[in-house]
Amino acid sequence: MNTATIKFDAFESLKNEDCQDRIIEAKKTLGDKIVILGHHYQNETVYRHADYSGDSLKLAQYVQNLDAKYIVFLGVHFMAEVSNILSRPEQITVLPDLSAGCSMADMANLAKVERTYRELSKVLDFDKTITPITYINSAADLKAFCGEHNGIVCTSTNAPNVLDWAFKKREKVLFFPDQNLGRWTGHKMGIAIEDMPVWDPDLPLGGLTEKQILESKVLLWKGHCAVHQMFRLQHIEKFRELHPEGFVISHPESPFEVCQNSDYVGSTEFILNTITQAKPNTKWLVGTELNLVNRLANEMKPEGKLVQFMSHVVCECSTMARIDPQHLSWTLENIIKDNPVNIISVPKKEAELAKLALDRMLEIS
Ligand code: 13P
Ligand code: SF4
């Protein structure tokens, strides 16, 4: 059956409740032809339809073991690219809204990374001295750059293992695009803060002196997550004053002093597992995206656990939120008509190089 693509206009004004029924129906019709993967930050209205959920690493690992023809990704663009790269050639990855990006991933691009390569090459032999590590929150061409230059990808779960791997190969690391994850991971490995200067890709030599570059261990790309950047030490102090017996848990994309003053730091999956497995009636201040915190707060209520969001400001990831029931039902109904929309397809050469860097990561995860 190959009929014309259904336009999104027909779904735009549908109510969330109406979309819910249509999504359930479409999933029934499609059966094992599709699998829906959902990141923990997705809104409840779509997250409930995910067949599997997880953090970036877990979702990448799922992709390698799926048989469905269509992988519908409830997440952001870089996650869907990883799905396309790691799935089989005949499988199709679909992102319900193409504008679901990641503002942190956009803080690095290939032109800037290649310029960085040229700038650093004025001071040292890049390929012999530096391992480029890209956080999985980055475009596929940056993963390809890492694949080509003996580098690797990391996630918030495996960053310590990846850094360890990198230092066994070469003496320095260029870590992009999240300075906070790089700094926290390096610090936990015992690297001094002064040995991890910030590299500003918009300045000559990254805004550093040759001496600073030569003496550095980790060059931290000047990038961050706008959502996690909102968390403050004062939020933690206030919580501890009110609940001295409580616990603070944060995602490593949070500012350094927030991580330093947290009881636990880890990926979204780690946060979810830690709070789920905690004793009843415990109290938690959580420094990560709002949808995950709200979901945990509701699910933990029956056990008497208090789960509180770290900021007073609403810190929803606005790009994750682009995936709504309207886009999901539109996507599924087009798949039923054999007219998939919003296919994510990384160019072949780029995908091969990016896969090298991803495979290196998966091997040590
Ligand atoms: P996780 O891999 O921990 O799920 O993090 C992804 C992300 O984008 C956090 O902001
Ligand atoms: Fe990107 Fe931050 Fe959103 Fe995670 S929370 S997807 S890092 S913008």
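Ligands are counted one by one from 1 in listed order, and the atoms in each one are counted from 1 as well.
- Looking at H251, its side chain does come within 3.5 Å of a backbone N or O of E253 through a donor-acceptor pair.
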Can you give the donor-acceptor pairs under 3.5 Å from side chains of residues 64-77 to other protein atoms, not counting sequence neighbours?
from, atom 1, to, atom 2, distance (Å)
N65, ND2, Q61, O, 3.3

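- Residue contact annotation: Y41 has a non-hydrogen atom under 4.0 Å from ligand 1.
- Close approach of ligand 1 to S156 is summarised as follows: ligand atoms under 4.0 Å from at least one heavy atom of the residue are 1 (P), 2 (O), 3 (O).
- Between D338 and K33, at least one side-chain N (NZ, or NE/NH1/NH2) sits under 4.0 Å from a carboxylate O, which counts as a salt bridge.
- Contact between W330 and P96 at its shortest, heavy atoms only, is CZ3-O, 3.7 Å.
- Look at H251 and you'll find a heavy atom under 4.0 Å from some atom of ligand 1.
- In this structure, atom 6 (C) of ligand 1 lies nearest to the protein heavy atom S56 OG, 3.4 Å.
- Ring planes of Y264 and F247: tilted class, angle from 30 to 60°.
- Checked by atom type and distance alone, the side chain of T129 never pairs as donor or acceptor with a backbone atom of F126 at under 3.5 Å.
- Under 4.0 angstrom from ligand 1, the non-hydrogen atoms of N137 all belong to its side chain.
- Formation of a donor-acceptor pair under 3.5 Å by the R183 side chain with backbone atoms of M196 is not found in this model.
- In this structure, D51 contributes its side chain and I36 its backbone to a donor-acceptor pair below 3.5 Å.
- For ligand 2 and Y41, the ligand atoms under 4.0 Å from any heavy atom of the residue are 4 (Fe), 5 (S).
- Checked against a 3.5 angstrom limit, the closest N/O atoms of D55 and ligand 1 fall outside it.
- The residues K305 and E303 are annotated as salt-bridged, a charged nitrogen and a carboxylate oxygen being separated by less than 4.0 angstrom.
- Contacts between H40 and ligand 1, counted as non-hydrogen atom pairs separated by less than 4.0 Å, are absent for every part of the residue.
- The proximity of S267 to ligand 1, defined as any non-hydrogen pair under 4.0 Å, involves the side chain as well as the backbone.
- The protein non-hydrogen atom at the shortest distance from atom 7 (C) of ligand 1 is E253 OE2, 3.6 Å.
- For the pair T155 and ligand 1, the shortest N or O to N or O distance does not fall below 3.5 Å.
- Distances between N or O atoms of E269 and those of ligand 1 include no value under 3.5 Å.
- Considering R22, K27, K28 in turn, K28 is the only one that fulfils the salt bridge (charged side-chain N to carboxylate O under 4.0 Å, His left out) rule with E25.
- Follow the hydrophobic side-chain contacts under 4.5 Å out from I364 and you reach V153 in the same cluster.
- Closer than 2.8 Å to atom 1 (Fe) of ligand 2 sit the protein N, O or S atoms C102 SG.
- Between the side chains of T288 and Y41, at least one donor N or O lies within less than 3.5 Å of an accepting N or O.
- Within a 6.0 Å sphere centred on CG of D125, heavy atoms belonging to other residues, nucleotides or ligands number more than 12.
- Ligand 1 lies nowhere less than 4.0 angstrom from a heavy atom belonging to M104.
- Atoms of ligand 1 found under 4.0 Å from any heavy atom of H228, numbered from 1 in the order shown, are 10 (O).
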